[in-house]
Amino acid sequence: MAYNFYTSILVMVNVMDKDLSVKTVMQHPQILFYCQAGRLLNPSTFAGWFGRSLFHALVVFIISIYVYADDKRQMNELSMVALSGCIWLQAFVDTMETK
């Protein structure tokens, strides 16, 4: 049950995200030009995000494997620890990158 709560946090943050008001865009037109030029989301940016997420998942997985290397019977617990680690790491990265 707790995992459903943790995974829904990121969805709720994105749902509560608001668009910029017309007043803000009119006061700062460079925001609109920057977005329309494709500088925020382009193939190289996406590839960078994908690479970082893959690296983070591998780090969490490898650490989890080494922690549970002695007891192979607890693979269910290992998967839950790895999932929790990925979720907490993503929350940490989002917090550090949010200005």
* What is the distance from atom CD1 of Ile63 to atom CG of Leu89, rounded to the nearest 0.5 Å? -> 9.0 Å
* **Same cluster (ILVMFWY, side-chain, under 4.5 Å), Phe55 and Phe61** => yes
* **Spatial distance of atom OG1 (Thr95) from atom CZ (Phe92) [nearest 0.5 Å]** => 8.0 Å
* **Cluster check Val93, Ile87: I/L/V/M/F/W/Y, side chain < 4.5 angstrom** => no
